[in-house]
**Q** 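The structure follows.
These values consider heavy atoms only, across backbone and side chains, with no hydrogens, waters or symmetry-generated copies.
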Amino acid sequence: EHMAWRLKLPLITVSCHDGLTASDLIGAADYRQPDLWIDVPLAAAVRAGAICYLDEIVEARGDNTVVIHPLA
């Protein structure tokens, strides 16, 4: 929070847990409207140049690190 405040950047927090999926992190197309993309916090942070705090990242499933590394 302090770093975001000092840098005058928005802060987005993602609470990680073992049920967190890759689509929870990066978003997905709406299955009812495939041309509609649903943005989620991590993708929104990347687009906005915000600081994204992944709270309790060690609790996330291992396959989520595959998604996180290219964005970091």
Side-chain angles (χ1 to χ4, degrees):
E1 290 175 353
H2 181 74
M3 185 179 355
W5 174 76
R6 291 285 303 232
L7 296 172
K8 296 181 173 86
L9 293 173
L11 174 66
I12 297 176
T13 301
V14 177
S15 296
C16 300
H17 50 83
D18 60 352
L20 190 70
T21 66
S23 12
D24 293 334
L25 288 173
I26 60 169
D30 187 333
Y31 69 92
R32 296 165 296 197
Q33 298 177 359
D35 57 330
L36 177 64
W37 185 261
I38 300 171
D39 237 358
V40 291
L42 183 58
V46 170
R47 290 179 196 277
I51 292 177
C52 185
Y53 172 56
L54 300 171
D55 189 24
E56 296 292 334
I57 188 68
V58 297
E59 298 296 326
R61 296 184 343 203
D63 60 335
N64 286 326
T65 57
V66 174
V67 172
I68 295 167
H69 281 203
L71 294 172

**Q** Can you name the nearest heavy-atom pair linking L11 to A4, along with the distance?
**A** CB-CB, 3.8 Å
**Q** Between C16 and E56, what is the shortest heavy-atom contact and its length?
**A** CB-O, 3.3 Å
**Q** Between T21 and R61, which heavy-atom pair has the shortest distance, and what is it?
**A** CG2-NH1, 3.9 Å
**Q** State plainly whether one hydrophobic cluster holds both L9 and M3, where clusters connect Ile, Leu, Val, Met, Phe, Trp and Tyr through side-chain heavy atoms under 4.5 angstrom apart.
**A** yes
**Q** Could you state whether I57 and Y53 fall into the same hydrophobic cluster, counting links through intermediate Ile, Leu, Val, Met, Phe, Trp or Tyr residues with side-chain heavy atoms under 4.5 angstrom apart?
**A** no
**Q** I12 and A44: which non-hydrogen atoms are nearest, and at how many Å?
**A** CD1-C, 4.2 Å
**Q** Do you know which two heavy atoms are closest between A22 and N64, and how far apart they sit?
**A** N-OD1, 3.2 Å
**Q** Measuring from atom CD1 of I51 to atom CG of L7, what distance do you get when rounded to the nearest 0.5 angstrom?
**A** 5.0 Å
**Q** Between C52 and A45, what is the shortest heavy-atom contact and its length?
**A** CB-CB, 3.8 Å
